[in-house]
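Read through the structure below, which is laid out as structure tokens, and then see the notes.
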Amino acid sequence: MKQQVRSPYLNDFEIERFQSNLIDWYKENHRKLPWRKTRDPYKIWVSEVMLQQTRVDTVIPYFNHFIDQFPTLRSLAEADEEKVLKAWEGLGYYSRIRNLQTAVKEVCENYNGQVPNTSKEISKLKGVGPYTAGAILSIAYNVPAPAVDGNVMRVLSRILFIKEDIAKAKTRTIFEEAASEMISISDPSSFNQALMELGALICTPKSPACLICPVQHYCRAFSEGLQNELPIKKKKLKIKEIDIGAIILRNKQGQYLIHKRPNEGLLANLWEFPNTPLLKRGKGSKEEIARFLEKEWGIQAKIGDYISNLDHVFSHLKWNIQIFEGELLSSFESNERTKLVTLEEMEAYPFPVSHQKIRKLAIEVVKETP
Ligand code: SF4
């Protein structure tokens with residue numbers, strides 16, 4: 001039966017032949033990824049959350065390790081937050097894992113541990129946006145729900161010649177409308193994964209491999225010779241930069257001061273070395289760090305050499321971190337959020353990427369100390 005077409009972009013588009021060409025190609029050519037061996041909605045959910053903002057090659061070992069540690073939805077719901085953050089350490093965008101843990105707890109409480117299989121229910125879970133909902137519903141439950149992320153928007157913008165700015169939030173609706181009409185009713189799982197795989201392997205951002213593309217015949221951008229001009233994505237506003245002074249502060253017993261970030265906001269509850277935004281970059285940094293340590297924890301410290309500089313870019317923000325070493329002169333009692341730990345003990349604490357790098361520097365400094 002022919003589907004009713006509402007999206008203006010699908011006028012004269014051969015939906016059924018397109019679906020079958022795309023799905024046949026996918027079945028022959030898809031990569032064998034660990035999360036493709038399962039229909040378990042929990043595991044698919046974990047993989048989809050990890051894959052947001054992170055490359056497949058990076059995700060594979062994290063996924064395997066995470067599933068070894070938290071093999072079931074209930075095991076993640078009941079896990080200690082610090083252990084979960086540790087398993088996520090290095091993947092970045094930590095709100096993803098925090099939301100996932102909150103959401104699996106909701107699933108245990110409200111759905112008896114079963115990931116819901118309707119768009120209405122699944123979309124209410126914390127952190128589950130339309131893309132993740134569509135991916136889980138289609139892959140785990142074979143529900144014909146579209147799963148539109150940046151990759152799929154790129155592919156569809158070329159195939160359907162959609163020239164709307166994909167940086168605008170409202171543009172997504174245009175793609176979701178088109179995708180929900182294009183999706184195969186009989187095999188939505190393969191259809192959605194095929195579109196994602198096409199974006200990853202063939203219809204890549206910079207140089208789409210149109211000559212070997214399985215859906216070239218349907219691609220309007222290719223027929224116009226404009227595949228490299230799409231998608232349209234206008235530049236975002238400039239990101240804010242902050243200068244930060246951080247210190248690897250060690251006492252005579254070889255312990256280092258680390259502390260836990262606040263419960264909410266950026267990198268919440270992760271551990272880090274003492275650091276403070278700097279008013280003046282360069283000369284005054286040492287004094288500013290010393291004042292910060294005194295004010296924050298009442299401690300005296302000798303601020304030593306400047307060791308290195310480190311830039312860390314978030315989606316909206318850039319940290320320029322100047323790193324110093326120093327010696328803790330006053331005594332300090334560890335408490336729940338601020339601790340003195342050895343380098344070995346530090347291994348057990350989850351750090352964001354920038355402070356993992358500082359931890360590596362601390363190890364190097366110790367090696368070089370005579
Ligand atoms: Fe992408 Fe080229 Fe295939 Fe069109 S023909 S979908 S631009 S790879």
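Just so you know, ligand 1 is whichever comes first in the structure, and atom 1 is the first atom listed for that ligand.
- Taking 2.8 Å as the threshold, Cys210 counts as a candidate ligand of atom 2 (Fe) of ligand 1, since one of its N, O or S atoms lies below it.
- With respect to Glu294 and Arg291, no salt bridge is recorded, no charged nitrogen being found less than 4.0 Å from a carboxylate O.
- When hydrogens are left out, the protein atom nearest atom 7 (S) of ligand 1 is Gln227 CB, 3.5 Å; that is the closest non-hydrogen contact.
- Of the N and O atoms on the side chains of Gln52 and Tyr93, not one donor lies less than 3.5 Å from an acceptor on the other residue.
- Close contacts of ligand 1 with Phe222, meaning ligand atoms under 4.0 Å from a residue heavy atom, involve 5 (S).
- By the 4.0 Å N-to-carboxylate-O rule, Glu81 lies close enough to Arg98 to be salt-bridged with it.
- For atom 3 (Fe) of ligand 1, the closest heavy atom belonging to the protein is Cys213 SG, 2.3 Å.
- A salt bridge links Lys27 with Asp187; the closest basic N to acidic carboxylate O contact falls under 4.0 Å.
- Those atoms of ligand 1 that come under 4.0 Å of a heavy atom in Arg158, given as number and element, are 7 (S).
- Aromatic ring pairs are classed by plane angle as parallel below 30°, tilted from 30° to 60° and perpendicular above 60°; the pair Trp35 and Phe63 is perpendicular.
- From the protein, the heavy atom lying nearest to atom 4 (Fe) of ligand 1 is Cys219 SG, 2.4 Å.
- For Ile159, the closest heavy-atom approach to ligand 1 falls below 4.0 Å.
- Of the protein's heavy atoms, Cys203 SG, 2.4 Å lies nearest to atom 1 (Fe) of ligand 1.
- Tested against His259, the residues Trp297, Phe292, Trp271 include a single ring pair (Phe, Tyr, Trp, His ring centres under 6.0 Å) partner, Trp297.
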